[in-house]
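Only this structure's heavy atoms are used, side chains among them; waters, hydrogens and symmetry mates stay out. Just so it is clear: chains get the letters A, B, ... in the order the sequence lines come, proteins before strands, and each one is counted from 1.
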2 protein chains.
Amino acid sequence: MAKRSARTPVGTVSFRLGVLGAGQEARYAERLADLELKPKHVALLSALRIKGAESQLEVAAVMRVAPSLVVLLADQLEARGAIERVRDPSDRRRQRLHLTEEGVRLLDAATAAAAALDEELTAPLDAADRAALARILERLAIANDLLAEDI
Amino acid sequence: MAKRSARTPVGTVSFRLGVLGAGQEARYAERLADLELKPKHVALLSALRIKGAESQLEVAAVMRVAPSLVVLLADQLEARGAIERVRDPSDRRRQRLHLTEEGVRLLDAATAAAAALDEELTAPLDAADRAALARILERLAIANDLLAEDI
DNA sequence: TATTGTTATACTCTATAACTATA
DNA sequence: TATAGTTATAGAGTATAACAATA
């Protein structure tokens, strides 16, 4: 099957990742609306659960966002009782963030919502392709040094 | 290998698509800076090449963006001579957009840039996984009714 | 009265830079 | 003087709503 060379970028893996990724993020944001969370809040909560209590600057580095954004997200999560800020006694400049019970509850709900979304997204695929996609994306995530649970 | 159930959404396909997709879009935007284009401009040019000259509202529907955004993007592309607007004589409300030679040149350059990005992204994968990823993403793009060349 | 395109406006997201407190 | 965090500000991107022209 001779494949003529592409005449636009829409068939590239990069472009499709961008478009599909934006769509999934938008759908995920819709599902999270019930929980009054946004995807970035979930990323912060996930970073805390995976890495443990960390200073805000470390969280910003893991999330690859500006420190000022972590301040805003942490303000909002703290106001809802999902996280607590604790001054590090040995260096009183540092704020260590950690999950509360409410934060754990929210993160569990957000995790369930993401799993449900995965089901719907991958419904058109057969079992082998589903497994292949999960495996390949994990490999790319690791290669790109993104936040991952299994380290 | 018993896999414990996920405790965060970061390992889901949806979340990884979102993060990887955002990263690729940012990298693509960097490469396009040389051409003074943004990914949305490329999407519009691609829509014209794939679908042929279309009214602006049709382009907005294909791109899944607001019509007012198509006006802005088309203004910018027209100012650079990449597209032309032609009033439809049979319905003078309609503006039909079509690529100029310069538009074709830009789109070809943007296509080459996306192909180069794909090479870098998929470098950590073996040939079989590369092919599997392209095939699976195409299937998902079709299932989600996204702009595709091969229709 | 309905539709296409345009303009005006506003909102969300996020970064940069200036500032405070602590080291 | 350097670093962690915070606040203030600004910019990009995009949508919604009001409007104009044409059907």
Dump every N/O contact between nucleotides 18-20 of chain C and the protein below 3.5 Å, one line per pair.
none

Mind checking side chain to side chain contact (heavy atoms under 4.5 Å, CB included) for [X] and listing every partner two or more places apart, or none if nothing turns up?
X        : result
A:Glu58  : A:Glu54, A:Ser55, A:Arg94
A:Asp126 : A:Ala128, A:Asp129
B:Arg27  : A:Asn144, B:Gln24, B:Leu117
B:Arg64  : B:Asp145, B:Leu146

(message) Suppose the criterion is salt bridge (charged side-chain N to carboxylate O under 4.0 Å, His left out): which pairs have a residue in residues 37-52 of chain A, not counting sequence neighbours?
(response) A:Arg49-A:Asp108

Under 3.5 Å, N/O pairs linking protein and nucleotides 3-8 of chain D:
from	atom 1	to	atom 2	distance (Å)
D:dT3	O4'	A:Arg93	NH1	3.4
D:dT3	O2	A:Arg93	NH1	2.8
D:dG5	OP1	A:Gln56	N	3.3
D:dG5	OP1	A:Gln95	N	2.7
D:dG5	OP1	A:Gln95	O	3.1
D:dG5	OP2	A:Gln56	N	3.3
D:dG5	OP2	A:Leu57	N	2.7
D:dT6	OP1	A:Gln95	NE2	2.7
D:dT6	OP2	A:Gln56	OE1	3.0
D:dT6	OP2	A:Gln56	NE2	2.5
D:dT6	OP2	A:Arg85	NH2	3.3

(request) List in numerical order all residues of residues 23-32 of chain B for which some heavy atom is under 4.0 Å away from an atom belonging to DNA chain C. (result) none

(request) Return the residues of residues 38-47 of chain A meeting this criterion: a heavy atom under 4.0 Å from some atom of DNA chain C. Order them by number, or give none. (result) A:Lys38, A:Lys40

Validation: residues 66-80 of chain A side-chain donor-acceptor distances under 3.5 Å, sequence neighbours left out:
from	atom 1	to	atom 2	distance (Å)
A:Asp75	OD1	A:Arg85	NH1	3.0
A:Asp75	OD1	A:Arg85	NH2	3.0
A:Gln76	OE1	A:His41	NE2	2.6
A:Glu78	OE1	A:Arg85	NH1	2.7
A:Arg80	NH1	A:Leu35	O	2.9
A:Arg80	NH1	A:Glu36	O	2.8
A:Arg80	NH2	A:Leu35	O	3.1

(request) Could you pull out all residues at least two apart from A:Glu102 that satisfy side-chain hydrogen bond (donor to acceptor under 3.5 Å, both in side chains)? (result) A:Arg105

(request) Return the set of residues passing side-chain hydrogen bond (donor to acceptor under 3.5 Å, both in side chains) with B:Glu120 (not counting sequence neighbours), or none when no residue passes. (result) B:Arg31

(message) In whole Å, I'd like the distance from the CZ atom of B:Arg92 to the P atom of D:dA20.
(response) 18 Å

(request) Using atom CG of B:Leu69 as one end and atom C1' of C:dA10 as the other, report the distance to the nearest whole Å. (result) 15 Å

